[in-house]
Amino acid sequence: MTRAASLVARGWRSWPKRKEIRVNLKSLVFLMAVPAAPVTADPAPEAVVRAMFDAFNRHDAVAMAELYADDALLSSSDFCAPRVGREEVKRTYRALFAAFPDIHDEIAQMVVQGDHVAVRFVAKSGQSSSPLVLSISTFLTVRQGLIRSDDSTFDAGGRPCSP
């Protein structure tokens, strides 16, 4: 069998023409030269809030603070004024963990609507001087994978606010 007959037998005539190959190679080179944008999706608001509750139940104030934006607004029924930023998140939760060494939260209900998350939960502790069972409602805004605002409401029982 001649060389030409051999190429025909292997399907040489069905191969793309040289011009087509050149165009395809040019396209490939162009696509390789264009840097690909990294594909990173922000975590869903519900996932961020669940991670925050998981960190709370581990008593990990640092991990909690990492879930908040640098300028996050934190307000609560027992605060004299809103607190702002990650350092305030750490300060708030470190004080709470010190006061209630076994505190943990049990989520009763979570409702997510866009970047807003409402959570009804019970905070429980039995090791402090007075056992704690406190129903709390928290309303959070989560954007770009970070908590932007966290507003908790509960019955403060007439206790004075904390600065």
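Quantities reported herein were computed from a predicted structural model and do not represent experimental measurements.
- Taking 4.5 Å as the limit, every side-chain heavy atom of Leu146 sits out of range of all side-chain heavy atoms of Val48.
- Separating the CG atom in Asp150 from the CZ atom in Phe139 is a distance of 11.0 Å, to the nearest 0.5 Å.
- Between Pro163 and Cys80 the shortest heavy-atom distance is N-SG, 3.9 Å.
- Put simply, CG on Asp115 and CD on Gln144 are 10.0 Å apart, with the number rounded to the nearest 0.5 Å.
- Distance OG/Ser125 to CG/Leu96: 8.5 Å, rounded to 0.5 Å.
- No continuous path of hydrophobic side-chain contacts links Leu73 to Leu140 [ILVMFWY only; heavy atoms under 4.5 Å].
- Atom CD of residue Glu88 and atom NZ of residue Lys90 lie 11.0 Å apart, to the nearest 0.5 angstrom.
- Figure legend: Arg83 and Phe79 shown as a cation-pi pair, the cationic atom lying under 6.0 angstrom from the six-membered ring centre and within 45 degrees of its axis.
- Annotation: the span from Tyr93 atom OH to Phe56 atom CZ amounts to 6.5 Å, rounded to 0.5 Å.
- Put simply, the side chain of Thr138 never gets that close to the backbone of Ala118: no donor and acceptor are under 3.5 Å apart.
- No donor-acceptor pair closer than 3.5 Å links the side chain of Arg143 to the backbone N or O of Arg148.
- When all heavy atoms are compared, the tightest approach of Arg159 to Asp155 is NH2-O, 4.2 Å.
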Lys124 and Glu106: CA distance, side-chain angles, deciding distance, salt bridge (charged side-chain N to carboxylate O under 4.0 Å, His left out) verdict:
CA-CA 8 Å; Lys124 295 182 178 182; Glu106 296 175 4; 3.1 Å; yes
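- The pair Arg50-Glu46 meets the salt-bridge criterion, with a side-chain N (NZ, NE, NH1 or NH2) lying under 4.0 Å from an Asp/Glu carboxylate O.
- Hydrophobic clustering keeps Val111 apart from Phe121 (ILVMFWY residues linked when any side-chain heavy atoms are closer than 4.5 Å, directly or through intermediates).
- Tracing side-chain contacts under 4.5 Å through hydrophobic residues (I, L, V, M, F, W, Y), one never reaches Tyr68 starting from Val84; they form parts of separate clusters.
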When you look at Ile136 and Val122, which way does the side chain to side chain contact (heavy atoms under 4.5 Å, CB included) test go after all the steps?
CA-CA 6 Å; Ile136 303 173; Val122 178; over 6 Å; no
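- One N or O on the side chain of Asn57 and one on the backbone of Asp105 form a donor-acceptor pair closer than 3.5 Å.
- For Gly114 against Pro45, the heavy-atom pair with the smallest separation is O-CG, 3.5 Å.
- Remark: the Thr141 side chain and the Ser149 side chain contain an N/O donor-acceptor pair separated by less than 3.5 Å.
- Minimum heavy-atom separation, Gly126 to Asp102: N-OD2, 3.0 Å.
- Connection of Phe154 to Leu132 is established within a shared hydrophobic cluster, with ILVMFWY side chains joined at heavy-atom distances below 4.5 Å, either directly or through further cluster members.
- Of the possible polar contacts, none joining the Arg120 side chain to the Ala108 backbone as a donor-acceptor pair under 3.5 Å is found.
- With rounding to the nearest 0.5 angstrom, the CG atom of Asp78 is 9.0 Å from the OG1 atom of Thr92.
- Aromatic ring pairs are classed by plane angle as parallel below 30°, tilted from 30° to 60° and perpendicular above 60°; the pair His59 and Phe97 is parallel.
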Using the rule given for side chain to side chain contact (heavy atoms under 4.5 Å, CB included), can you reason through Arg94 versus Val62, listing the C-alpha separation, both sets of side-chain angles and the distance that settles it, and then say yes or no?
CA-CA 9 Å; Arg94 283 178 175 155; Val62 172; 3.4 Å; yes
